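These notes concern the structure reproduced below.
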Amino acid sequence: MPRPLLLPIIALFALSLGACDKPLAWGEWNSIIATAGEAQWSEYEAIVNDALQPRVFTVRPEKTFKVTYQKPTHRDWVRLRRFKSILVIGTEQDPWVAEALAETGRKTFSPPELLQVRDVWARGQLVNIMLVGSGNATEDIAALSDRLHEDLDGQYRGWVRSRMFVSGPDTLLADSLAQSVGFRLLVPNVYEFHAADSTYIFRNDNPDPSELIRQIAITWTNHDPSEFSHDSILAWRTRISDRYYPYPQVLDLEHRVDSEVVVSGNRAIETRAIWANPPEDAFPAGGPLITRAVFCPSQGRTYLVDAWLYAPGKDKYQYLLQLENIVESFEC
């Protein structure tokens with residue numbers, strides 16, 4: 001091979017080896033390692049945490065994201081910067097920021113800026129950069145934080161959906177139900193399905209029902225929508241759970257949230273609360289639930305769509321998002 005051609009190929013091969021030499025990222029997507037100058041972090045911490053750690057109620061208040069600070073000059077930073085989700089904060093002159101900026105392919109920047117790059121210190125990694133100016137950096141952080149949360153939350157929801165459907169969506173079942181029963185629901189292929197009377201149950205208890213259960217039940221009535229309220233929907237749910245669920249459930253309504261929503265163009269009312277085994281049960285269990293009454297005037301039906309989760313000892317936010325995705329797919 002002529003020497004002028006050989007040198008660029010060797011250089012390209014060396015670059016590819018450098019990328020392959022990066023370790024694989026680890027950690028969860030909603031666990032964020034944040035780094036900034038120690039003195040600056042004391043000013044930024046409350047702003048960043050308020051934006052990135054709003055709480056969602058599952059069976060208790062649960063952070064949507066978990067932010068852990070690491071000083072960039074500490075020896076642990078070399079290990080923790082391999083996390084899947086990294087947040088670096090600072091100016092162009094800060095070494096930990098400059099390393100990430102080098103991966104953007106840009107030569108000039110105009111702080112305050114919010115940037116995102118991949119695979120800076122590890123493969124499969126997402127690094128968010130909050131680039132601040134040399135002036136009032138605290139104001140810059142405040143201006144960028146809400147947008148950062150919107151970006152991260154949208155990406156996390158997309159990741160949850162992709163992970164949920166890794167087995168593929170069961171479109172065959174959804175189409176069959178639409179033609180034969182009158183409603184459509186899209187669940188992953190790993191969900192089991194059975195019908196009893198006019199109650200249709202979709203369940204995923206992999207890998208072990210003692211560790212994780214996600215279940216959705218659908219039934220309907222021809223009663224007038226004006227007869228329904230949030231309380232009557234919960235009473236309807238209780239009748240269904242008493243008859244068709246494998247274990248008895250009682251409702252904990254201390255933290256219930258009632259709302260009105262729109263499902264595929266149809267009005268619906270929704271209640272979120274907690275289910276639990278009866279107090280006398282020797283095996284205590286419980287989890288969050290989403291119950292909806294969807295009014296479908298074109299069919300003269302009101303559907304009950306009930307979803308519940310059992311995930312003891314686990315963060316429940318991602319599994320609750322999975323149920324939301326499935327419930328939102330309902331069509332009549």
Side-chain angles (χ1 to χ4, degrees), residues 58 157-206 209 212-223 225 228 230 233-234 236-246 249 257 259-273 275 287-311 316-332:
T58 55
R157 288 172 181 268
W159 172 80
V160 167
R161 182 173 176 83
S162 296
R163 185 179 182 184
M164 178 178 73
F165 282 114
V166 70
S167 63
D170 197 341
T171 52
L172 184 63
L173 175 61
D175 293 342
S176 175
L177 290 169
Q179 293 175 12
S180 62
V181 185
F183 71 84
R184 195 174 195 275
L185 191 77
L186 192 62
V187 298
N189 276 317
V190 292
Y191 272 65
E192 296 179 352
F193 161 72
H194 73 272
D197 303 323
S198 60
T199 298
Y200 294 77
I201 293 179
F202 310 80
R203 182 183 174 98
N204 182 2
D205 54 16
N206 293 310
L212 183 60
I213 302 173
R214 288 147 288 183
Q215 180 173 301
I216 302 94
I218 297 178
T219 189
W220 67 87
T221 182
N222 301 115
H223 292 175
F228 292 97
H230 292 282
I233 296 304
L234 291 176
W236 188 8
R237 181 201 189 271
T238 297
R239 294 192 297 272
I240 294 299
S241 66
D242 286 347
R243 185 167 182 179
Y244 298 108
Y245 291 2
Q249 294 186 2
V257 177
S259 61
E260 292 200 9
V261 295
V262 175
V263 180
S264 297
N266 293 294
R267 186 174 70 88
I269 59 176
E270 175 186 281
T271 293
R272 298 190 181 216
W275 69 270
L289 66 88
I290 306 170
T291 295
R292 287 179 172 178
V294 184
F295 307 117
C296 297
S298 63
Q299 296 179 334
R301 289 178 177 179
T302 295
Y303 285 90
L304 177 73
V305 182
D306 180 61
W308 58 271
L309 168 69
Y310 175 61
K316 297 169 179 57
Y317 182 48
Q318 70 162 298
Y319 301 115
L320 195 60
L321 289 178
Q322 289 182 11
L323 290 180
E324 286 181 4
N325 268 288
I326 294 173
V327 168
E328 288 293 331
S329 76
F330 176 85
E331 297 178 41
C332 56

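Note that this is a predicted model, so its numbers are computed, not measured.
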Sequence neighbours excluded and cut-off under 3.5 Å, please list the side-chain donor-acceptor pairs for residues 323-330, or say none.
from   : atom 1 : to     : atom 2 : distance (Å)
Glu324 : OE2    : Arg272 : NH1    : 2.8
Glu324 : OE2    : Arg272 : NH2    : 3.2
Asn325 : OD1    : Arg161 : NH1    : 3.0
Asn325 : ND2    : Leu321 : O      : 3.0
Glu328 : OE2    : Arg292 : NH1    : 3.3
Glu328 : OE2    : Arg292 : NH2    : 2.7
Ser329 : OG     : Leu186 : N      : 3.0
Ser329 : OG     : Ile326 : O      : 2.6

Heavy atoms only: give me the nearest [X]-[Y] pair and the separation to one decimal.
| X | Y | answer |
| --- | --- | --- |
| Thr238 | Ser241 | O-OG, 3.0 Å |
| Asn189 | Ser167 | ND2-O, 2.9 Å |
| Phe165 | Pro188 | CE2-N, 3.6 Å |

Are any of the side-chain heavy atoms of [X] and [Y] separated by less than 4.5 Å?
| X | Y | answer |
| --- | --- | --- |
| Leu173 | Phe202 | yes |
| Arg267 | Val262 | no |
| Pro246 | Arg203 | yes |

Look up atom [atom1] in [X] and atom [atom2] in [Y], then write down how far apart they are to the nearest 0.5 Å.
| X | Y | atom1 | atom2 | result |
| --- | --- | --- | --- | --- |
| Arg157 | Tyr317 | CZ | OH | 4.0 Å |
| Leu289 | Gln215 | CG | CD | 12.0 Å |
| Ser259 | Glu270 | OG | CD | 4.0 Å |
| Phe228 | Thr302 | CZ | OG1 | 4.5 Å |
| Thr271 | Ile233 | OG1 | CD1 | 8.0 Å |
| Ile240 | Asp306 | CD1 | CG | 9.0 Å |

Whether Trp308 and Tyr245 hold their rings parallel, tilted or perpendicular, with breakpoints at 30° and 60°: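 Plane angle between 30° and 60°, so tilted.
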Mark yes or no for whether [X], through its side chain, and [Y], through its backbone, hold a donor-acceptor pair below 3.5 Å.
| X | Y | answer |
| --- | --- | --- |
| Asn266 | Val294 | no |
| Thr219 | Ser198 | yes |
| Lys316 | Ala311 | yes |
| Trp236 | Trp220 | no |

CA sep, side-chain torsions, deciding dist, call: Thr199, Arg243, side chain to side chain contact (heavy atoms under 4.5 Å, CB included): CA-CA 10 Å; Thr199 298; Arg243 185 167 182 179; over 6 Å; no
Arg237 and Gln249: side chain donor to acceptor below 3.5 Å: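 Side chains of Arg237 and Gln249: pair found under 3.5 Å.
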Residues Asp205 and Tyr310: side-chain donor-acceptor under 3.5 angstrom: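 Note: Asp205 and Tyr310 side chains miss the donor-acceptor criterion.
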Please table the atom pairs, donor to acceptor, closer than 3.5 Å between any side-chain atom in residues 175-185 and protein atoms at least two apart or in another chain.
from   : atom 1 : to     : atom 2 : distance (Å)
Asp175 : OD1    : Arg184 : NE     : 3.3
Asp175 : OD1    : Arg184 : NH2    : 2.9
Ser180 : OG     : Ser176 : O      : 2.7

Chi angles and distances behind the side chain to side chain contact (heavy atoms under 4.5 Å, CB included) call for Ile216, Tyr191: CA-CA 10 Å; Ile216 302 94; Tyr191 272 65; 3.8 Å; yes
Full working for side chain to side chain contact (heavy atoms under 4.5 Å, CB included) between Leu320 and Ile290: CA-CA 9 Å; Leu320 195 60; Ile290 306 170; 4.1 Å; yes
Worked check of side chain to side chain contact (heavy atoms under 4.5 Å, CB included) between Leu212 and Leu309: CA-CA 8 Å; Leu212 183 60; Leu309 168 69; 4.0 Å; yes
